[in-house]
Amino acid sequence: MAKKQLYYEDVEVGTEVTPVEKVASSQMLVKWAGASGDFNPLHYEDTFAESQGVGSPIVHGALKRAWLGHLMTAWIGDEGFLKKFSCQYRGMDYPRKMASMMAPAEGETWLCKGKVTNKFVEDDQHVVECEIWVENGQGEKTVPGSATVILPSRS
Amino acid sequence: MTEAGIPEEVAAMIGTMTEPTIMEVERGAIRRYADAIDDSNPLFRDAEYAKNSRYGEVICPPGFFGWPLKGGGLEQMMGMLMPAMMKTGLFRILDGGIDYEFFLPIRAGDVLTSWGKIADIREREGKSGKMLFTTMEQTYLNQNGDLVAKSRATIIAR
């Protein structure tokens, strides 16, 4: 299962972070609740979600944040280190229903994306800064953020 | 009301620290987390692969510090804030976002000590009226007493 390693010299300002596709389904939200320990009914109960002014259960902000974590760790490879990471939950996202026990219904697909905004060497560390975001099915950035990574160098 | 426009009893909570929480980082919990987000990275699930990596052990995806995620003082801080927030009439609570800084990798088997601090509470005028933004800081140390991560989470009450 050899993975490709990204090096500092491979990226320039404007380089795209390899996108990661995600499908939020009601099942994924259940799995996330269990795995994270976040049992806020905002994410599974219609009447509570309604009372909170979001209409119906919404995707956890922290789940979308974890997607962005996946985006970055997959891109920087085993030798890269994620140093800083931040995101803001700006837009609501609503999960797909399930079509069967295992498969989500047809519907919205989310894309985690990013691009390099800066690179520099500081204290012998090869630092790369990125703008990152989650994009919904309409192309809207519902979770903008940023990340700072340290990459290995070929030099 | 304070200068920032927030009730005194809410303002009084700024600076409050939580009790430290101890969290054991388990391989199984890391794997369930990776499964839940559809992340197949072997560093988070394959002990053999991880053993041969620079880490020598399965590591945590960023933002995972053991189960439950809100163990690092976040739940305690919410518990302290909620009664005061309710009195302001702002009972719709939303997660606003988070900033992390990581210092060291977190491996399965690590035992983390974490605590939280209510760093700031301020009022802002939003589209739907008054909103309270609370910033909560969390600090995580490993079993060697080394700083592994810090975070700043924003909770919005509206």
Side-chain angles (χ1 to χ4, degrees), chain A residues 1-3 20-25 27-40 42 51-54 58 60-74 76-90 92 112 143-150 152, chain B residues 23 28-46 48-50 52-55 59-72 74-75 78 91-105 128 149-158:
Chain A
M1 228 195 269
K3 291 194 283 180
V20 169
E21 198 176 284
K22 293 289 178 187
V23 172
S25 63
Q27 186 174 69
M28 182 183 260
L29 267 56
V30 170
K31 287 167 80 174
W32 172 259
S36 71
D38 181 348
F39 300 116
N40 186 341
L42 183 64
S51 78
Q52 291 287 301
V54 299
I58 56 170
H60 304 74
L63 170 56
K64 295 183 279 185
R65 171 190 91 215
W67 291 351
L68 290 174
H70 178 180
L71 171 79
M72 294 312 296
T73 51
I76 65 180
D78 293 2
E79 304 296 323
F81 185 69
L82 180 61
K83 179 63 186 158
K84 286 183 186 171
F85 170 42
S86 74
C87 60
Q88 298 84 44
Y89 314 129
R90 291 276 170 76
M92 306 291 171
C112 303
V143 187
S146 62
T148 303
V149 301
I150 297 164
Chain B
M23 297 203 289
I30 296 175
R31 172 152 193 163
R32 279 192 292 281
Y33 183 95
D35 278 349
I37 64 171
D38 276 344
D39 187 343
S40 60
N41 193 330
L43 281 180
F44 308 142
R45 60 176 70 239
D46 184 335
E48 198 55 36
Y49 178 94
N52 296 313
S53 74
R54 65 190 286 213
Y55 301 106
I59 58 166
C60 288
F64 188 74
F65 305 100
W67 195 93
L69 277 194
K70 287 185 175 172
L74 202 54
E75 199 76 63
M78 288 301 289
F91 61 92
R92 292 172 171 179
I93 308 295
L94 283 176
D95 197 347
I98 197 159
D99 282 24
Y100 288 108
E101 187 167 8
F102 301 103
F103 301 92
L104 289 170
S128 56
K150 276 185 178 181
S151 66
R152 283 172 71 86
T154 305
I155 299 291
I156 303 168
R158 63 196 176 102

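Here is how names work: the chains are called A, B, and so on, in the same order as the sequence lines, proteins then strands, and each is numbered from 1.
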Please rank A:Ala66, A:Gly69, A:Ala62 by heavy-atom pairs under 4.5 Å with chain B and give me the top one. A:Ala66
Considering only heavy atoms, which portion of [X] lies under 4.5 Å from any heavy atom of chain B: side chain, backbone, both, or neither?
| X | value |
| --- | --- |
| A:Asp38 | side chain |
| A:Leu42 | side chain |
| A:Glu79 | both |
| A:Ser51 | backbone |

Heavy-atom pair with the smallest gap, counting every atom of [X] and [Y]:
| X | Y | value |
| --- | --- | --- |
| A:Asp78 | B:Arg54 | O-CD, 3.2 Å |
| B:Phe64 | A:Ala35 | CE1-O, 4.0 Å |
| A:Arg65 | B:Gly63 | NH2-O, 3.9 Å |

So does B:Asp99 get a backbone contact from the side chain of A:Lys84, meaning a donor-acceptor N/O pair under 3.5 Å? no
So, the side chain of A:Lys22 versus the backbone of B:Asp38: is there a donor-acceptor pair under 3.5 Å, distance only? yes
Under a 4.5 Å cut-off applied to non-hydrogen side-chain atoms, are [X] and [Y] in contact?
| X | Y | answer |
| --- | --- | --- |
| A:Thr73 | B:Pro61 | no |
| B:Ile98 | A:Phe85 | no |
| A:Lys64 | B:Asp95 | no |

Hey, could you give me the CG/CD distance between B:Leu94 and A:Gln52, rounded to the nearest 0.5 Å? 7.5 Å
Could you give the distance from CE (A:Met28) to CD1 (B:Ile37), rounded to the nearest 0.5 Å? 8.0 Å
Using non-hydrogen atoms and a 4.5 Å limit, figure out which bit of B:Arg152 sits close to chain A: side chain, backbone, both or neither. neither
Side chain / backbone / both / neither for B:Phe103 at chain A, heavy atoms under 4.5 Å: both
Winner by heavy-atom pair count (cut-off under 4.5 Å) against chain A, out of B:Ala34, B:Gly97, B:Ala29: B:Gly97
Taking every heavy-atom pair that is under 4.5 Å apart, which of B:Gly96, B:Ser53, B:Ala149, B:Pro62 has the most such pairs with chain A? B:Gly96
